[in-house]
*Asks:* 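Below is the structure I would like to discuss, written out as structure tokens.
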2 protein chains.
Amino acid sequence: MFRPAKFHSTHNREAPPKHVDGPQLLVVEDEPEIRRFLRASLGSHGYRVVEAESGAEALRRSSESPPDLVLLDLGLPDIDGLEVIRQMRAWMTAPIIVVSARGREAEKVCALDAGADDYLTKPFGVEELLARIRVALRHAAGGTEAGESVFAVDGLRVDQARRQVFVGDKEVHLTPIEYRLLTTLVKHAGKVITHRQLLKEVWGPGSVFETHYLRVYMAHLRRKIEPEPARPRVLLTEPGIGYRLASD
Amino acid sequence: MFRPAKFHSTHNREAPPKHVDGPQLLVVEDEPEIRRFLRASLGSHGYRVVEAESGAEALRRSSESPPDLVLLDLGLPDIDGLEVIRQMRAWMTAPIIVVSARGREAEKVCALDAGADDYLTKPFGVEELLARIRVALRHAAGGTEAGESVFAVDGLRVDQARRQVFVGDKEVHLTPIEYRLLTTLVKHAGKVITHRQLLKEVWGPGSVFETHYLRVYMAHLRRKIEPEPARPRVLLTEPGIGYRLASD
DNA sequence: ATCAGTTTTAACGCAATTTTTACGCGCCCC
DNA sequence: GGGGCGCGTAAAAATTGCGTTAAAACTGAT
């Protein structure tokens, strides 16, 4: 199979990936054939593959552009594999999957205790490798705070993941209903929400006609959130219709 | 709650360590010899071992007292192992390590994709099993950091690796439930955890409505941890929602 | 069987929240 | 000018949820 050396995008001719910028994998492996094999298998499954053929290069590459996962062969020419794990763990939290020809149990234990997340003995099946990569990435995704769902306007900040609301840099405490009312407005920020809609989403469909709830709770919110509750800048009234949250 | 006579006291006979306070492992395995072997190996390393010899029993046991980790043999007499994984994953986040005699690659892939975190093929070495258990528990503790997973705020220090809790520089003793409640809060430090979520993770999915458990145990924890239990600085109440552990 | 440590259950006073009620203001239209 | 009407504000009343304590039931070890 002809492959111009200067192209690192090797998967143009093979099964084209769906996500061109999927997770980035750093493959650390000194044997060229295995490297090429991995490059092809992983690339065709949508992973971006970065390669390194020595421990030193692995450390350099990983600090240049932090990978989402490391596939590490322990039998490297220069540095001991365990040392590579330790060095990476010193600053990196991405999962490390060790791939090794030697299957000695003591070695597995050392690698795992040094900070590796999995250990695969050659020869292994590609499907298994892919499955274990999925597991590792699943862990990593769960561990880090994935969705930053913070809304901010004009001194108001709503952090939905933490369920916290700040005005300026002071936290303000909201009761359950106050919070739900505010987040409902945030969800449709900039757009008008009718009384009916708000009541249905916050109090439930049984209270669609209790419009006075809205008045008293909007007053509560404005007192806690607006710098000058009498002249609302964020929680706006649309007379006869409903309310609207200002957005930048 | 009925309890068949034959389960009366299967594991009282051997008397492993005196203070068995470590993480609770659920061992699901139908062959008695392997079960005894695992019980001995794991028990002598400080793990509390709970056993189940069928899929149904495994699901029951795990929802009665949620384990910190599950060791699951796929070849069970009643339910398919994959189904057990799926059922557990429906509510549980604790790691699941599959241990199986059959090493077919497709089976590994299915198990891992169904939600298992690792897959070990028999026969395996105890040391490797122990190492993989450590890896899984390290993940569950939150940080992927190789270093100690210790959490600290405001005079409170929680060392999950050693299962020790300090206030100032004095260690405080926590009962199993108190400790589990605290570590669950630690795992989501800074974020609000709902009553449901806490009850599910600490008492199991059968107790999601027993919110009074939370009140009495939060009182216990505060008395042991807060300098001034009446004015909590670390264990915060989010009225109507749940609780939150202060971070930073 | 007994005992200490732990978990579950029950009860009660208090605090926070929600709901209800009341009143004042500006506006438009008769 | 007066009477609805929609809106904002305030405060009382009702409800719910929370913290606390103590006793009862349970568990595992001696």
Side-chain angles (χ1 to χ4, degrees), chain A residues 172-182 192 194-196 198-199 202-204 206-226 228-232 235-244, chain B residues 1-3 7-21 24 43 48-50 64-66 172-182 192 194-196 198-199 202-204 206-226 228-244:
Chain A
V172 294
H173 174 74
L174 298 187
T175 71
I177 287 200
E178 288 163 4
Y179 182 78
R180 281 177 64 185
L181 180 55
L182 179 60
V192 180
T194 64
H195 296 138
R196 280 188 75 91
L198 273 175
L199 286 163
V202 178
W203 278 269
S207 311
V208 242
F209 298 114
E210 325 270 347
T211 54
H212 52 283
Y213 286 179
L214 286 177
R215 298 203 197 93
V216 5
Y217 272 91
M218 286 306 283
H220 287 175
L221 274 183
R222 291 209 250 245
R223 179 146 43 155
K224 290 185 175 180
I225 283 173
E226 295 278 1
E228 200 180 351
R231 297 197 201 298
L235 298 166
L236 310 173
T237 302
E238 298 285 339
I241 310 290
Y243 294 88
R244 183 163 58 91
Chain B
M1 189 185 304
F2 73 95
R3 189 189 324 274
F7 296 138
H8 220 250
S9 55
T10 45
H11 46 282
N12 295 0
R13 227 162 318 177
E14 333 227 339
K18 337 183 166 185
H19 244 339
V20 192
D21 241 9
Q24 188 178 99
R48 293 202 309 280
V49 176
V50 173
E64 276 168 8
S65 84
V172 294
H173 172 73
L174 298 187
T175 72
I177 288 200
E178 287 164 3
Y179 180 76
R180 188 175 251 279
L181 179 56
L182 180 60
V192 177
T194 63
H195 297 137
R196 278 189 78 90
L198 274 175
L199 287 162
V202 177
W203 279 270
S207 310
V208 259
F209 297 115
E210 324 273 345
T211 53
H212 52 281
Y213 286 0
L214 288 176
R215 297 203 200 96
V216 0
Y217 271 88
M218 286 305 284
H220 287 174
L221 274 182
R222 291 211 248 244
R223 194 194 311 218
K224 290 184 175 181
I225 283 174
E226 296 276 2
E228 199 181 351
R231 302 212 178 284
R233 303 172 50 80
V234 178
L235 298 167
L236 309 174
T237 302
E238 298 284 337
I241 304 294
Y243 294 89
R244 183 161 55 93

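No experiment lies behind these values; they were computed from the predicted model shown.
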*Asks:* For E178(A), enumerate each residue passing the salt bridge (charged side-chain N to carboxylate O under 4.0 Å, His left out) test, keeping only those at least two apart in sequence or located in another chain.
*Replies:* K224(A)
*Asks:* Go nucleotide by nucleotide along DNA chain D from the 5' end; which of H195(A) and A219(B) gets its closest nucleotide reached first?
*Replies:* H195(A)
*Asks:* Atom CE of M218(B) to atom P of dT21(D): distance rounded to whole Å?
*Replies:* 16 Å
*Asks:* So how far off straight is the helix from dA1(C)-dT30(D) to dC30(C)-dG1(D), going by the axes through five pairs at either end, to 10°?
*Replies:* 30°
*Asks:* With R244(B), which residues qualify under salt bridge (charged side-chain N to carboxylate O under 4.0 Å, His left out), at least two apart?
*Replies:* E171(A), E238(B)
*Asks:* Looking at R215(A), I'd like to know whether one of its side-chain N or O atoms comes within less than 4.0 Å of OP1 or OP2 on dG8(D).
*Replies:* no
*Asks:* Can you list every side chain to side chain donor-acceptor pair (under 3.5 Å) pair that touches residues 207-221 of chain A, not counting sequence neighbours?
*Replies:* none
*Asks:* In whole Å, I'd like the distance from the CG atom of L181(A) to the C1' atom of dG8(D).
*Replies:* 15 Å
*Asks:* Please name all residues satisfying side-chain hydrogen bond (donor to acceptor under 3.5 Å, both in side chains) with E226(B), sequence neighbours left out, ordered by chain then number.
*Replies:* none
*Asks:* Taking atom CD1 as the centre, does I241(A) end up with more than 12 heavy-atom neighbours from other residues, nucleotides or ligands that are less than 6.0 angstrom away?
*Replies:* no
*Asks:* Without decimals, in angstroms, what is the distance between L221(B) CG and dT6(C) P?
*Replies:* 13 Å
*Asks:* L235(A) has an atom CG; how far is it from atom P of dG8(D), in whole Å?
*Replies:* 11 Å
*Asks:* Under 4.0 Å from OP1 or OP2 of dG19(D): is there any side-chain N or O of Y243(B) that close?
*Replies:* yes
*Asks:* Once each nucleotide of nucleotides 10-30 of chain C is scored for protein heavy atoms under 4.0 Å, what B/S/- sequence comes out, 5' to 3'?
*Replies:* ------SSBBS----------
*Asks:* First locate atom CE of M218(A), then atom CD1 of I225(A), and finally report the distance between them rounded to the nearest 0.5 Å.
*Replies:* 8.5 Å
*Asks:* Please report, rounded to the nearest Å, how far the P atom of dG17(D) is from the CZ atom of R196(B).
*Replies:* 14 Å
*Asks:* Please give, in whole Å, the distance from dG6(D) C1' to F209(A) CZ?
*Replies:* 17 Å
*Asks:* Rounded to whole angstrom units, what separation is found between the CZ atom of R180(B) and the C1' atom of dT7(C)?
*Replies:* 15 Å
*Asks:* Is R223(A) close enough to dG8(D) that one of its side-chain N or O atoms is under 4.0 Å from OP1 or OP2 there?
*Replies:* no
*Asks:* Within a strict 4.5 Å, meaning less than it, do heavy atoms of the L174(A) and L221(A) side chains meet?
*Replies:* yes
*Asks:* Measuring from L182(A):CG to I177(A):CD1, what's the distance to the nearest 0.5 Å?
*Replies:* 13.5 Å
*Asks:* How many whole angstroms separate atom CG of L214(B) from atom P of dT9(C)?
*Replies:* 14 Å
*Asks:* So, OP1 or OP2 of dG17(D): does either fall under 4.0 Å of a side-chain N or O from T211(B)?
*Replies:* no
*Asks:* Donor-acceptor check, side chain of R180(A) to backbone of V202(A), threshold 3.5 angstrom: yes or no?
*Replies:* yes
